[in-house]
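Atom set for the values below is all heavy atoms of this structure, side chains included, hydrogens, waters and symmetry mates excluded. Numbers here simply count residues along the sequence, with the first being 1. Bear in mind that the values here come from a model prediction, so they are computed numbers and not experimental data.
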Amino acid sequence: MGYQPPKSTATSPPLLRRIHNIDHSISLYIHTLTSPIAPRPLLRLLELLADFRCFFPVSLSLFLATPSSSPIRSHLLLPLLLCSLLDLLFIALLKFLVRRSRPSYATHSEYNAVVSVDNFSFPSGHSSRVFFVASIVSLSRPWILADLNHPRVTVLVRRWFEEDNVMAVDLLIAAVWSWALTTVLSRVALGRHYVLDVFFGACFGVLEALVTFHFLEFQALI
């Protein structure tokens, strides 16, 4: 029996149906190709780390534990917290409006949705979250460099990077972007989302980071 489009797309314009069918075919191919080789525990770990229920409490704890004098608190952790809330509301609104079903070729029983809109697929909240994190870390690069004078951090940098602060921060940023990209790919491999879900989720994440970061800069000038 061939693929039957969901009822939500069956009455859509021909162009949208064609885009959906292509998106479905590519996503299914990636899911089928990666399922035998991608370690499911790793995919589930990436899913957990990027989940709002895990990410927000960790970010809030780091924010509260960081001294108010640290530039990382105001230029990295605060944007992460504010962007988390913006992302939660914005992605939930889009999911509610679009109401795209998750891929039918994968089981989602192990994924516990917090609210009903979490059961919809477009856009991917995990993808938007990891990409706004990577974007904010990149935008915060000057302040991360400025905060490397902390004694414990200095010892670590001296031991592993021969006091090359720039290399240490650039490697951190590269690691965060690698984590973000791997998480986005894992959403398709796990069968949680279609390719377009994660693509637009990632784009929205970058946009949210820019809006949040420039909003805080504007507030600082007032």
P67 backbone acceptor or donor facing S70 side chain under 3.5 Å: no
N/O donor-acceptor pair under 3.5 Å between K95 side chain and P123 backbone: yes
Check whether any side-chain heavy atom of [X] lies under 4.5 Å from a side-chain heavy atom of [Y], and answer yes or no.
X    : Y    : result
V117 : L94  : no
L190 : L46  : no
V198 : R192 : no
C83  : I136 : yes
P41  : R44  : no
L28  : T32  : yes
S127 : H193 : no
P103 : S27  : no

R18: salt bridge (Lys or Arg N to Asp or Glu O under 4.0 Å) partners, not counting sequence neighbours: none
Working to the nearest 0.5 angstrom, can you tell me the gap between [X] [atom1] and [Y] [atom2]?
X   : Y    : atom1 : atom2 : value
L49 : E47  : CG    : CD    : 10.5 Å
L78 : R73  : CG    : CZ    : 8.5 Å
D87 : L82  : CG    : CG    : 12.5 Å
L15 : H20  : CG    : NE2   : 13.5 Å
F55 : L48  : CZ    : CG    : 13.0 Å
T34 : L185 : OG1   : CG    : 9.0 Å

Parallel, tilted or perpendicular, as decided by the 30° and 60° cut-offs, for the rings of Y194 and H24: tilted
Aromatic ring pairing Y105/H31, orientation class (parallel under 30°, perpendicular over 60°, tilted between): tilted
Please report the shortest heavy-atom distance between [X] and [Y], naming the atom on each side.
X    : Y    : result
L139 : W143 : O-CZ3, 3.5 Å
R102 : S121 : CA-CB, 3.6 Å
A180 : A134 : CB-CB, 4.1 Å
S135 : A209 : CB-CB, 3.5 Å

NZ or CZ of R129 within 45° of F52 ring axis and under 6.0 Å: no
Steps toward side-chain contact (heavy atoms from CB on, under 4.5 Å) verdict (F131, V184): CA-CA 9 Å; F131 262 69; V184 166; 3.4 Å; yes
Check ion pair D23-R100 (N to O, under 4.0 angstrom): yes
Exceeds 12 heavy-atom contacts within 6.0 angstrom, atom CZ of F199: no
Test log, rule side-chain contact (heavy atoms from CB on, under 4.5 Å), inputs L80 and L76: CA-CA 6 Å; L80 285 178; L76 174 62; 4.2 Å; yes
Within one Ile-Leu-Val-Met-Phe-Trp-Tyr cluster: [X] and [Y], side-chain cutoff 4.5 Å:
X    : Y    : value
V206 : F132 : yes
L85  : L77  : yes
L207 : L216 : no
I144 : V58  : yes
Y29  : L43  : no

Worked verdict on L196 versus I19 for side-chain contact (heavy atoms from CB on, under 4.5 Å): CA-CA 9 Å; L196 286 183; I19 292 174; 3.6 Å; yes
F204 and F90 aromatic centres sub-6.0 Å: yes
Pairing residues for L60 by the side-chain contact (heavy atoms from CB on, under 4.5 Å) criterion, not counting sequence neighbours: F56, L64, L81
Return a table of donor-acceptor pairs under 3.5 angstrom between the side chains of residues 166-177 and protein atoms on other chains or two or more places apart.
residue	atom	partner	partner atom	Å
D170	OD1	R141	NE	2.8
D170	OD1	R141	NH2	3.2
W177	NE1	S138	OG	2.7

Stepwise side-chain contact (heavy atoms from CB on, under 4.5 Å) check, V98 with F120: CA-CA 8 Å; V98 177; F120 297 123; over 6 Å; no
Flag for H75-S140: side-chain donor and acceptor within less than 3.5 Å: no
